[in-house]
Amino acid sequence: MRRTQHSFQEVDDSMAQILGRRAAAAGALLLGTALFASACASNPANTTTSGSSSSASAGSDPKSLVPSSVKAKGTIVVAADASYAPNEFFDTDGKTVIGMDADLAKALGQELGLSVTMQNVTFDAIIPGMAAAKYDLGMSSFTDTKEREATVDFVTYFSAGSSMMVKAGNPEHLATTDDSLCGKKIAVEKGTTQEQSDIPADNKKCSTDGKPAITTLSFDDQNGANLALSSGRADAVLADSPVADYAAKQSGGQFIISGQPYGTAPYGIALPKGNGMAPAVLAALKALMANGTYNQILTKWGIQSGAITNPVINGATS
């Protein structure tokens with residue numbers, strides 16, 4: 001779900017440097033790595049009620065629920081695509097993954113009695129990597145969907161939607177509520193719901209209306225999509241609302257959000273299917289909500305409007 005271009009060549013040149021593959025300073029990342037990023041959605045919602053709450057009640061001891069095989073390792077590897085600020089992106093050293101998901105992962109680790117190692121992984125490689133036992137958790141703005149639940153388990157922890165970012169003034173008059181995207185070039189990150197669901201649905205409408213199809217420009221990470229926007233190769237980018245909102249605020253007025261967020265759905269912490277960790281993670285998350293750490297983390301990154309109050313296991317709405 002994650003878009004924009006600029007007309008000044010000097011901005012394009014600087015953005016090309018800023019948006020270099022995961023090696024820029026934090027200031028650059030605010031308009032590069034922070035300028036959107038993976039998979040999926042923002043809206044104030046406290047109504048994630050579907051799915052199973054399992055046996056992990058608010059009073060459950062998370063440590064006691066950790067499977068012995070995981071407890072024996074003592075460490076969990078958490079995969080995240082560090083190109084999606086403020087949810088996950090690189091610190092000034094170009095190596096350390098920071099952001100909402102990184103902070104939450106570390107806090108969950110403390111509740112679980114496990115140390116946490118954050119690993120930067122291309123978004124569309126995270127779930128396959130979990131299936132291959134490379135990673136223990138995936139925390140990278142994953143929208144919890146029925147399709148993904150066939151491969152991994154999710155513990156819901158946030159509510160988000162998709163947004164579209166355009167150049168200030170929206171000179172192309174682009175919107176997500178009509179067919180103005182028909183015939184346009186839209187940049188997205190590979191594997192996101194914007195690429196796999198949103199644009200295909202829009203293209204059906206374009207076809208029905210007899211209008212040219214949207215050209216999808218898909219990139220391995222959000223930096224590539226952002227560079228396409230800044231260089232003028234793309235007319236817009238679709239990204240998750242928290243990411244698009246953050247980027248617009250950091251752009252110095254160069255970019256704006258067109259319209260309102262759409263497709264609100266829960267984010268989920270991804271876990272290998274049926275490995276027994278979901279109840280432990282759910283209990284740990286509930287503990288963080290009860291002691292205030294959860295809201296402190298979201299507030300730190302300015303995305304507290306996406307907080308939920310009732311996390312569940314596999315709470316996909318579609």
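Between K185 and D235 there is no salt bridge, since no side-chain N of the basic residue sits under 4.0 Å from a carboxylate O of the acidic one. A salt bridge is absent between D178 and K205; no separation between the charged side-chain nitrogens and carboxylate oxygens falls under 4.0 Å. The pair K190-E195 does not meet the salt-bridge criterion, since no charged nitrogen lies less than 4.0 angstrom from a carboxylate oxygen. With respect to D153 and K273, a salt bridge is recorded, a charged nitrogen being found less than 4.0 Å from a carboxylate O.
Within a 6.0 Å radius of NZ in K249, other residues, nucleotides and ligands contribute 12 heavy atoms or fewer. Atom NZ of K73 has more than 12 heavy atoms from other residues, nucleotides or ligands within 6.0 Å. More than 12 heavy atoms of other residues, nucleotides or ligands sit less than 6.0 Å from atom CD of Q304. For NZ of K134, the number of neighbouring non-hydrogen atoms (other residues, nucleotides, ligands) closer than 6.0 Å is 12 at most.
S258 contributes a side-chain N or O that, together with a main-chain N or O of L174, makes up a donor-acceptor pair within less than 3.5 Å. Under the 3.5 Å distance criterion, the side-chain polar atoms of S207 are left unmatched by any main-chain donor or acceptor of K204. Counting only distance, with no hydrogens or angles, the side chain of T122 and the backbone of A125 share no donor-acceptor pair below 3.5 Å. Remark: the backbone N or O of P266 is not paired with any side-chain donor or acceptor of D144 at under 3.5 angstrom. Side-chain atoms of N275 come within 3.5 Å of backbone atoms of M277 as a donor-acceptor pair (strictly under, hydrogens ignored). Between the side chain of E111 and the main chain of L285, no donor-acceptor pair closer than 3.5 Å is present. A donor-acceptor pair is defined here as one N or O able to donate and one able to accept, closer than 3.5 Å; such a pair exists between the side chain of N291 and the backbone of T293. Listed for the T299 side chain is a donor-acceptor partner under 3.5 Å among the backbone atoms of N295. D136 places a side-chain N or O within 3.5 Å of a backbone atom of V77 that can act as its donor or acceptor partner. Between the side chain of K71 and the main chain of S64, no donor-acceptor pair closer than 3.5 Å is present.
Between A307 and Y294, the shortest heavy-atom contact is CA-OH, 3.4 Å. Residues A175 and L181 come closest through the heavy atom pair O-CG, 3.6 Å. The two residues A82 and V97 come nearest to each other via the heavy atoms CB-CG2, 4.1 Å. Taking each heavy atom of A79 and I126 in turn, the nearest pair found is CB-CG2, 3.9 Å. Minimum interatomic distance between F158 and G306 (heavy atoms only, all atoms of both residues): CD1-O, 3.3 Å. Considering all non-hydrogen atoms of both residues, G99 and F89 come closest at CA-CE2, 4.1 Å.
Between L137 and L271 the shortest side-chain heavy-atom distance falls below 4.5 Å. Looking at T96 and F90, their side chains never come closer than 4.5 Å, going by heavy atoms from C-beta outward. No side-chain heavy atom of V116 sits under 4.5 Å from any side-chain heavy atom of L114. Side-chain contact check for I297 versus M100: some heavy-atom pair is nearer than 4.5 Å. Counting heavy atoms from C-beta on, the side chains of V121 and D81 never come closer than 4.5 Å. Within the 4.5 Å cutoff, no side-chain heavy atoms of K106 are placed close to those of L104. When side chains are defined from C-beta on, H173 does not count as touching S180, because their heavy atoms never get closer than 4.5 Å. A 4.5 Å side-chain heavy-atom check between T216 and V188 finds at least one atom pair inside the cut-off.
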**Report entry** Derivation and outcome, side-chain contact (heavy atoms from CB on, under 4.5 Å), residues I127 and F142
**Finding:** CA-CA 10 Å; I127 289 181; F142 280 104; 3.7 Å; yes
Query raised in the report: For K211 and N203, what are the C-alpha separation, side-chain angles and deciding distance, and is it a side-chain contact (heavy atoms from CB on, under 4.5 Å)?
Result: CA-CA 9 Å; K211 295 192 174 183; N203 266 332; over 6 Å; no
Query raised in the report: How far apart are the C-alpha atoms of T145 and S318, what are their side-chain angles, what is the distance that settles it, and do they pass the side-chain contact (heavy atoms from CB on, under 4.5 Å) test?
Result: CA-CA 6 Å; T145 67; S318 62; 5.8 Å; no
Query raised in the report: For E189 and T192, what are the C-alpha separation, side-chain angles and deciding distance, and is it a side-chain contact (heavy atoms from CB on, under 4.5 Å)?
Result: CA-CA 6 Å; E189 184 175 352; T192 61; 3.7 Å; yes
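Using a 3.5 Å distance cut-off with no hydrogens or angles, the side chains of D198 and Y262 do pair a donor with an acceptor. Between T117 and T75, the side chains place no donor N or O within less than 3.5 Å of an acceptor N or O (distance only, hydrogens not considered). In this model, a donor atom of one side chain and an acceptor atom of the other lie less than 3.5 Å apart for D103 and W301. A donor-acceptor contact under 3.5 angstrom links the side chains of Y157 and D101, judged on distance only. Between the side chains of S141 and E88, at least one donor-acceptor pair of N or O atoms lies under 3.5 Å.
Atom OG of S241 sits about 11.5 Å away from atom CD1 of I303, to the nearest 0.5 Å.
In the hydrophobic clustering of ILVMFWY residues, with side-chain heavy atoms under 4.5 Å counting as a link, I313 and M289 come out together.
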